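Please read the structure below before turning to the comments.
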Amino acid sequence: LAKTTQPISMDSYEGQEVNITCSHNNIATNDYITWYQQFPSQGPRFIIQGYKTKVTNEVASLFIPADRKSSTLSLPRVSLSDTAVYYCLVGSPTDDKIIFGKGTRLHILP
Amino acid sequence: DGGITQSPKYLFRKEGQNVTLSCEQNLNHDAMYWYRQDPGQGLRLIYYSQIVNDFQKGDIAEGYSVSREKKESFPLTVTSAQKNPTAFYLCASSNWDRGHTDTQYFGPGTRLTVL
């Protein structure tokens with residue numbers, strides 16, 4: 001399983017674009033990159049998943065460079081309700097688990 | 001209204017007692033999972049099941065047991081053998097087309113406190 005490294009915490013302000021970068025230097029050919037969001041005392045919620053280049057949905061964008069050794073979750077125009085922990089996960093369909101590390105604690109300020 | 005439910009939301013247990021946490025899903029998912037989360041930490045996999053009547057141990061299965069008699073249900077029993085059971089327990093379900101990388105849908109969690 002590829003190990004991921006992401007910042008422990010980040011602060012930003014309402015209305016800003018927030019970019020959270022995740023490093024995964026030993027990502028394997030079959031690995032996908034997945035991001036989840038978790039609010040306090042709730043279960044995580046899927047945000048976005050990608051394999052290469054750029055993926056966009058109604059919530060976020062995921063940028064993956066050609067070497068796939070990192071990825072960046074981009075949240076446009078954040079609000080106070082985006083304050084949460086964001087997890088970057090890397091794994092392939094044949095892995096026997098997927099690892100939720102400590103994530104990045106994002107704090108949005110007014 | 002499709003989803004995954006866990007009950008109860010809060011649970012208190014005396015030391016030495018077994019307790020069973022409920023998890024039900026009506027998403028028609030093949031796979032179900034149990035995770036444990038301690039304060040400020042990530043999620044750790046306890047057990048998962050890809051199909052009815054089959055399940056596999058995760059990283060921290062000791063002191064826990066599960067059953068998967070129905071596709072919709074995956075109860076977790078925390079036994080007295082679990083040394084430090086106080087934690088937040090999360091159940092999830094997913095399809096199994098891409099194994100663990102398929103989107104996992106989580107329940108609201110059960111917070112277990114051992115008194």
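Every value quoted in this text rests on a predicted model; they were computed, and no experiment measured them. Below, read A as the first sequence line, B as the second, and so on, with proteins coming before strands; counting in each chain starts at 1.
Cluster membership check: A/Tyr32 does not share its hydrophobic cluster with A/Trp35, using side-chain heavy-atom separations under 4.5 Å among Ile, Leu, Val, Met, Phe, Trp and Tyr. Hydrophobic cluster membership differs between B/Phe106 and B/Ile60, with clusters built from Ile, Leu, Val, Met, Phe, Trp and Tyr side chains linked at under 4.5 angstrom. Cluster membership check: B/Met32 does not share its hydrophobic cluster with B/Leu43, using side-chain heavy-atom separations under 4.5 Å among Ile, Leu, Val, Met, Phe, Trp and Tyr. Clustering ILVMFWY residues whenever any of their side-chain heavy atoms sit less than 4.5 angstrom apart, transitively, puts A/Ile48 in the very cluster that holds A/Val78. A continuous path of Ile, Leu, Val, Met, Phe, Trp and Tyr side chains, each step under 4.5 Å between heavy atoms, connects A/Leu80 with A/Ile20, placing both in one hydrophobic cluster.
The 12-atom threshold is exceeded at CZ of A/Phe39, counting heavy atoms of other residues, nucleotides or ligands nearer than 6.0 Å. Crowding of B/Gln56 atom CD: a count of heavy atoms from other residues, nucleotides or ligands under 6.0 Å exceeding 12. Around atom CG of A/Leu109, more than 12 heavy atoms belonging to other residues, nucleotides or ligands sit under 6.0 Å away. Shown here is B/Tyr47, whose OH atom has more than 12 heavy atoms of other residues, nucleotides or ligands within 6.0 Å. Counting non-hydrogen atoms of other residues, nucleotides and ligands closer than 6.0 Å to CG of B/Leu115 gives a total above 12. Heavy atoms of other residues, nucleotides or ligands lying less than 6.0 angstrom from CZ of A/Arg105 number 12 at most.
Inter-residue side-chain proximity for A/Tyr36 and B/Gln104 is flagged as met; some heavy-atom pair is nearer than 4.5 Å.
Close approach to chain A, defined as a heavy atom under 4.5 Å from one of its heavy atoms, is seen in B/Phe88, B/Leu90, B/Arg98, B/Gly99, B/His100, B/Thr101 of residues 77-101 of chain B, taken by number. Among the residues in residues 33-40 of chain B, those with a non-hydrogen atom closer than 4.5 angstrom to a non-hydrogen atom of chain A are B/Tyr35, B/Gln37, B/Gly40.
Minimum heavy-atom separation, A/Ser41 to B/Arg111: OG-NH2, 3.2 Å.
Ranked by heavy-atom pairs shorter than 4.5 Å toward chain A, the options B/Asp102, B/Leu45, B/Asp59 are led by B/Asp59.
Contact of A/Gln49 with chain B is made through the side chain alone, with heavy-atom distances under 4.5 Å.
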